[in-house]
Protein chains: 2
Amino acid sequence: MNRRPTLEDVAARAGVSRALVSIVIRDAPGAGVQTRARVLAAADELGYRPDARARMLGRSRTRLVGVSFGVAHAFHGDLVDGLYVAARDAGYELALSAATARRGEAEALAGLEQDRCEGLVLLGPQLPTARLVAAAQHLPVVVVARAVRSRAIDVVRTDDAAGLHLTVDHLTGLGHRRIAHVDGGSAPGAADRRRGYAEAMARHGLTAHTCVVPGGLTEDDGAAAADALLALPRRPTAVAAFNDRCATGLLDRFRRARVDVPGEVSVVGFDDSRLARLSHVDLTTVAQDGDGLAALALGRVIARLDGAPVDRREVVLPPRLVVRGTTAQARLDSLD
Amino acid sequence: MNRRPTLEDVAARAGVSRALVSIVIRDAPGAGVQTRARVLAAADELGYRPDARARMLGRSRTRLVGVSFGVAHAFHGDLVDGLYVAARDAGYELALSAATARRGEAEALAGLEQDRCEGLVLLGPQLPTARLVAAAQHLPVVVVARAVRSRAIDVVRTDDAAGLHLTVDHLTGLGHRRIAHVDGGSAPGAADRRRGYAEAMARHGLTAHTCVVPGGLTEDDGAAAADALLALPRRPTAVAAFNDRCATGLLDRFRRARVDVPGEVSVVGFDDSRLARLSHVDLTTVAQDGDGLAALALGRVIARLDGAPVDRREVVLPPRLVVRGTTAQARLDSLD
DNA sequence: AGTCCCATCTAGAGCGCTCTAGTTGGCGTC
DNA sequence: GACGCCAACTAGAGCGCTCTAGATGGGACT
């Protein structure tokens, strides 16, 4: 538990200069084969580990990208995974900073700003735009999964409207016409999803059947919406929920009311979260391309760092429909 | 987007020495009131942010504790939250390193070892004990939520056996006697939970009713166990599941089989995950004291760093029963 | 007036590394 | 044998900060 060995220690043991050890450790050219082996052996014997922080200090570039994420969001986990992969490929390191119940996003961001990052990737930040813009004045900032109205910030997100187009197309393909949408209120993305729903319904000539029920992000919101739907004189045969949690609430309420899913009503979620994949939920849903978002986000940060021209401030990725067990052919007797 | 300002820049602007700026920024004694204000103003104008990495280099202590966690584990999120709070109180910083699908725990640990941490907190690591011990030779290591058979490593975890004692006590209190346990196979903690279940049943004189059904960690395992239970000649009136996910699988299968929960059978989970709290699941479960585990884990690292005597290598925290809607009085006609 | 003290401030040596600008020495060349 | 050359190696400055040791100067006190 004594002081951790430094380059100097390794140099002394191998009988060479500090600089040479540095060369060997970095695997840089300029060292003889035998010496290289000797140095490596000495480093190994001492259990030497390069000090990443000192290393970055000495170097002009840190090749460090800061990432803030919400510890409660399962999807952020997928994004972090994708970011690690992308960073490894590009030769960058990641510095994580979590937003938790008692450690706000402001703190998470401030932490990264002290950490010598060259750029920042913020996952679904709820911070005021002004704060994001302030951060972007010092280093390139890419926001993932949230729209930001500012020319100072790069945004990478999923095409929410397209997600509902996919959903409605799928449902009409199954013969559904009375398709309702349980929306997300003022949640990020909700407006786009509402718009996508309305557009798609219109495209299929179903404007008359358009029906938006107020919902929200949680199971309880879904449950409440289910009650509202069940009370309707002419129930919809399919429901496009704002997200998977909301859809789960719907499913539960329908099941309790002995309304068969997908026999009597089809349900589609949004997110393809773990929840949707559970075998006993088996929810048809819209999946976001986590790896795509991650790779694109990191790519943009790096492009900015390299001074490469970045064309658009906002990149929107198409989602993908994952068909599972909560959608089925509309029953003939239920058609208009 | 130009070079970030340094102490030197602030010093120049305020017309004082670098050292004085350092004093002011650190809020250390030794600076006049007016000068302090002037320096602060200069720093603010330049948008100065202390460089955490350089700062740690200069200091003998880094006051940095590395934390590895699994991005897929919801409970780790709670622990991270608790760790941040504990670290803030103790004047320490946290360096996070995530284990993801494509970035293993080995990488997560190696990352931390390069990061100049003074100590490590590993959340539920699955790494071989030898690797953990190797890490512990350089710095204090505390493992949370996993038992490790080594004198070199501190462990902080929940008393799994006690969790099942609580469960069985609760159920017997409701009049249940035929209480089954769906176990976790060879998962961490499973053996202790099995033992706790058997002990508690014996304590209540219910050894004859002891019934352990092989299960697992997932919903599917729970579903399979449910089928096995339903096939039993004399069904149990209550089931203690290995964890919440397993319990959810049970619930779903019971519901599909039109077996009322908690009317005909009570179900108890373990973890108090988000899943259990969902209003439509509303699962009675055993909660781990996340904040307690986190505070204890960080406290141990700090104690080791301070050279304080640490009595036991392993600290076991009692769990807590959260009674919700999946448990109820046993029906009189179902009693033996 | 001389002395001491303390609050305030500065100089400068690190921390562990990287990197530029050398220095060294062995070998081929004419 | 003098020269040049290149691979192998070293010296030393510097990254942005901290921290110890020391300089400065204006009272309070004798």
Side-chain angles (χ1 to χ4, degrees), chain A residues 2-40 42-43 46-64 91 93 113-118 138-139, chain B residues 2-40 42-43 46-64 91 93 113-118 138-139:
Chain A
N2 33 15
R3 195 178 53 79
R4 72 188 269 171
T6 73
L7 265 195
E8 193 77 57
D9 301 324
V10 178
R13 180 165 191 119
V16 297
S17 72
R18 217 182 44 219
L20 223 213
V21 179
S22 171
I23 287 173
V24 172
I25 296 297
R26 278 178 294 137
D27 206 25
V33 186
Q34 300 166 41
T35 329
R36 198 173 283 271
R38 194 150 42 87
V39 169
L40 251 17
L46 290 174
Y48 170 76
R49 304 266 163 185
D51 181 330
R53 309 177 95 86
R55 184 170 256 188
M56 289 177 181
L57 233 204
R59 217 156 26 186
S60 54
R61 302 269 321 254
T62 64
R63 303 191 78 81
L64 219 212
E93 299 281 324
E113 286 180 320
Q114 303 212 144
D115 231 6
R116 211 138 212 278
C117 302
E118 294 191 300
H138 306 294
L139 28 74
Chain B
N2 34 14
R3 195 178 54 81
R4 72 188 270 171
T6 74
L7 266 195
E8 193 77 57
D9 301 324
V10 178
R13 181 168 191 117
V16 296
S17 73
R18 216 182 44 219
L20 224 214
V21 179
S22 171
I23 288 173
V24 172
I25 295 296
R26 278 178 294 138
D27 206 25
V33 186
Q34 299 166 42
T35 328
R36 200 173 281 273
R38 195 151 40 87
V39 169
L40 250 19
L46 291 174
Y48 170 76
R49 303 268 162 183
D51 181 331
R53 292 168 177 265
R55 183 171 256 189
M56 289 178 181
L57 233 204
R59 216 157 26 185
S60 55
R61 302 268 321 254
T62 63
R63 303 190 78 81
L64 219 213
E93 299 281 323
E113 286 181 320
Q114 303 215 140
D115 231 5
R116 210 135 212 277
C117 303
E118 295 192 299
H138 306 294
L139 27 74

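Just so we're clear, the structure is a prediction, and the values are computed from it rather than from any experiment. Just so it is clear: chains get the letters A, B, ... in the order the sequence lines come, proteins before strands, and each one is counted from 1. Computed from heavy atoms alone, side chains included, the values below leave out hydrogens, waters and symmetry copies.
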Can you tell me if B:E118 has over 12 outside heavy atoms packed within less than 6.0 Å of its CD? yes
Which of the following nucleotides, C:dG16, C:dT8, C:dT18, is nearest to the side chain of B:T35? C:dT8
Which heavy atom of B:R36 sits nearest a heavy atom of B:A31, and at what distance? NH2-CB, 3.5 Å
Comparing A:T6 and B:R36 on DNA chain C - which has the more 5′ nearest nucleotide: B:R36
Testing the basics here: between B:P29 and B:I23, what is the closest heavy-atom pair and its distance to 0.1 Å? O-CG2, 3.8 Å
Positions of residues 23-33 of chain A (non-hydrogen atom under 4.0 Å from DNA chain C), listed by number: A:R26
Among D:dT18, C:dC17, D:dG16, which nucleotide sits nearest the side chain of B:A54? D:dG16
Any carboxylate oxygen within less than 4.0 angstrom of a Lys/Arg side-chain nitrogen, looking at A:R53 and A:D115? yes
State which of D:dC19, D:dA11, D:dC9 makes the closest approach to the side chain of B:A19. D:dC19
Can you tell me how far C1' of D:dC15 sits from CZ of B:R49, to the nearest Å? 21 Å
Over all heavy atoms of both residues, which pair between B:G47 and B:P5 is shortest? Give the atoms and the distance, please. O-CG, 3.9 Å
What's the CZ-C1' distance between A:R38 and D:dC9, to the nearest Å? 11 Å
If only side-chain N and O atoms of A:R59 are considered, is one of them under 4.0 Å from the OP1 or OP2 phosphate oxygen of C:dT18? no
Spacing between B:R55 atom CZ and D:dC15 atom P, to the nearest angstrom: 19 Å
I want to verify a distance call: between D:dG16, C:dC17, D:dC9, whose nearest atom is closest to the A:L20 side chain? D:dC9
To the nearest angstrom, how far is B:E118 atom CD from C:dC15 atom C1'? 14 Å
Over all atoms of both residues, closest heavy-atom pair of A:P50 and A:R4: O-NH2, 3.6 Å
D:dA11 C1' sits how many Å from A:E8 CD, rounded? 12 Å
Rounded to whole angstroms, how far apart are CE on B:M56 and P on D:dC17? 13 Å
Does OP1 or OP2 of C:dT18 have a side-chain N or O of A:S22 closer than 4.0 Å? yes
Among C:dC9, C:dT10, C:dT18, which nucleotide sits nearest the side chain of B:S17? C:dT10
Within the 4.5 Å heavy-atom criterion, are A:V21 and A:Y48 side-chain neighbours or not? no
Rounding to a whole Å, what distance do you find between A:D115:CG and D:dG16:C1'? 14 Å
Starting at atom CG of B:D9, determine the distance to atom P of D:dG16, rounded to an integer number of angstrom. 8 Å
Do the side chain of B:R18 and the base of D:dT18 come within less than 3.5 angstrom through a donor-acceptor pair of N or O atoms? yes
